[in-house]
Amino acid sequence: WSADGEMISTGGMDGKIRVWRRVGKENYRNWEFLTELQGPDEVMFLRWHPKGNVLLAGSNDSTVWLWQLPSGNTMQVFAGHSGAVNCGEFTPDGKRIVTACADGILMFWDPRSPTPVFKLTPEDGRFNLDGITSLKVNPSSTLAVIGGAAGGVRIIGLNKGEVVATLGGHTEGESIEAIEF
């Protein structure tokens, strides 16, 4: 759902992102097709901006796309991942974006710039998770929790881009599929 609750989006393996808008205010039975967004190869995730009509999408082709709606204008295409971008989030304050890929790279972005604020890679042994499968940003937009394909969990400080803690207890070799604050 968009932040105002008036639009929904769907993304598929066909690379299509379709956006609908609610018609009327009485109920949620009537929808109009608004636009089809082009760009990604295969859509891995979609996230609406927490405060505005901006949509974020991660792709199987290692790119991340940002669109303004309802116009459908592309605002930014982020590159720098080396694998499918499995997960991504706007920070709750709406000022930054965190994305992660199957190859274990985490990137922190300013939406206005195609260059990441920071990038963490598996080459840093403390961060190697054998691929990233899930992420979530805390309500104050200062920390991200990252879940890995091999069962590891890391807490990342978003101010400096550093691993601040490692959490254990999951079965080694079993991926972390969900994180929630």
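- Annotation: the span from Glu36 atom CD to Lys16 atom NZ amounts to 5.0 Å, rounded to 0.5 Å.
- The main-chain N or O of Ser82 is never found under 3.5 Å from a side-chain atom of Ser62 such that the two would form a donor-acceptor pair.
- For Lys119 (side chain) and Gly80 (main-chain N/O), a donor-acceptor pair under 3.5 Å exists by modelled atom type.
- Counting only distance, with no hydrogens or angles, the side chain of Ser175 and the backbone of Gly148 share no donor-acceptor pair below 3.5 Å.
- Using a cut-off of 4.0 Å between Lys/Arg side-chain N and Asp/Glu carboxylate O, Arg21 and Glu6 are scored as not salt-bridged.
- Across all their heavy atoms, Val19 and Met7 have their closest contact at CG1-SD, 4.0 Å.
- The two residues Pro111 and Lys95 make their nearest non-hydrogen contact at CD-O, 3.1 Å.
- In the hydrophobic clustering of ILVMFWY residues, with side-chain heavy atoms under 4.5 Å counting as a link, Val137 and Leu129 come out together.
- A distance of 11.0 Å separates OG1 of Thr35 from CH2 of Trp20, quoted to the nearest 0.5 Å.
- Sequence neighbours left out, not one pair with a member in residues 67-82 passes salt bridge (Lys or Arg N to Asp or Glu O under 4.0 Å).
- Inter-residue side-chain proximity for Asn30 and Arg22 is flagged as unmet; no heavy-atom pair is nearer than 4.5 Å.
- When side chains are defined from C-beta on, Glu42 does not count as touching Asp61, because their heavy atoms never get closer than 4.5 Å.
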Next on the checklist: I'd like to know whether Thr133 forms a side chain to side chain contact (heavy atoms under 4.5 Å, CB included) with Glu177, so could you lay out the CA-CA distance, the side-chain angles of the two residues, the decisive distance to 0.1 Å, and finally the verdict.
Outcome noted: CA-CA 6 Å; Thr133 53; Glu177 297 297 315; 4.2 Å; yes
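- Donor-acceptor pairing under 3.5 Å is recorded for the side chains of Thr99 and His81.
- Here the straight-line distance linking atom CD1 of Ile155 with atom CD of Glu162 works out to 12.5 Å at 0.5 Å rounding.
- Counted by atom type alone, Thr74 and Trp65 present zero donor-acceptor pairs between their side chains at under 3.5 Å.
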Next on the checklist: Using the rule given for side chain to side chain contact (heavy atoms under 4.5 Å, CB included), can you reason through Leu55 versus Leu66, listing the C-alpha separation, both sets of side-chain angles and the distance that settles it, and then say yes or no?
Outcome noted: CA-CA 6 Å; Leu55 186 63; Leu66 192 64; over 6 Å; no
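- Within the 4.5 Å cutoff, side-chain heavy atoms of Pro114 are placed close to those of Gln76.
- Distance check, rounded to the nearest 0.5 Å: OG of Ser9 to CG of Leu46 gives 4.5 Å.
- Of all heavy-atom pairs spanning Val163 and Phe127, the tightest one is CG2-CD1, 4.0 Å.
- Contact detail for Ala150 and Asp130: the closest heavy-atom pair is CB-CB, 3.7 Å.
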Next on the checklist: Does Ile17 form a side chain to side chain contact (heavy atoms under 4.5 Å, CB included) with Val43? I'd like the steps, not just the answer.
Outcome noted: CA-CA 8 Å; Ile17 297 170; Val43 179; 3.6 Å; yes
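- Checked by atom type, the side-chain pair Asp41/Ser59 shows no donor-acceptor distance below 3.5 Å.
- Between Phe90 and Val98 there is no side-chain heavy-atom pair separated by less than 4.5 Å.
- Using a 30° and 60° split on the angle between ring planes, Trp1 and Tyr28 fall in the perpendicular class, above 60°.
- The cluster map of Ile, Leu, Val, Met, Phe, Trp and Tyr, joined by side-chain heavy atoms under 4.5 Å apart, puts Val85 and Val77 in different clusters.
- Counting heavy atoms from C-beta outward, Cys101 and Asn86 have side chains that stay 4.5 Å or more apart.
- Between the CG atom of Leu135 and the CZ atom of Arg154 there is a distance of 14.5 Å, given to the nearest 0.5 Å.
- Clustering ILVMFWY residues whenever any of their side-chain heavy atoms sit less than 4.5 angstrom apart, transitively, puts Phe118 in the very cluster that holds Ile132.
- Panel note: side chain Asn138, backbone Leu143; a donor-acceptor pair is recorded below 3.5 Å.
- A heavy-atom distance below 4.5 Å is not found between the side chains of Val54 and Leu69.
- When side chains are defined from C-beta on, Thr115 does not count as touching Trp109, because their heavy atoms never get closer than 4.5 Å.
- For Thr91 (side chain) and Arg96 (main-chain N/O), a donor-acceptor pair under 3.5 Å exists by modelled atom type.
- The heavy-atom pair separating Ser141 from Leu158 by the smallest distance is O-CD1, 3.8 Å.
- Atom CD1 in Ile146 sits 11.5 Å away from atom CG in Leu167 (nearest 0.5 Å).
- The cluster map of Ile, Leu, Val, Met, Phe, Trp and Tyr, joined by side-chain heavy atoms under 4.5 Å apart, puts Val64 and Met75 in the same cluster.
- Of all the heavy atoms in His49 and Ala3, the pair that sits closest is O-CB, 3.7 Å.
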Item to check | Derivation of the side chain to side chain contact (heavy atoms under 4.5 Å, CB included) call for Ile156 and Leu120 | outcome: CA-CA 10 Å; Ile156 309 301; Leu120 294 174; 3.8 Å; yes
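- Side-chain contact between Val145 and Val153 is present, with heavy atoms from C-beta onward closer than 4.5 Å.
- A single hydrophobic cluster is seen to contain both Phe33 and Ile8, as judged by linkage of ILVMFWY side chains at heavy-atom distances under 4.5 Å, directly or through other members.
- Enclosure of atom CD in Glu172 is not indicated, since only 12 or fewer non-hydrogen atoms of other residues, nucleotides or ligands lie within 6.0 angstrom.
- The backbone N or O of Ile105 lies less than 3.5 Å from no partner atom in the side chain of Thr121, so there is not a single donor-acceptor pair.
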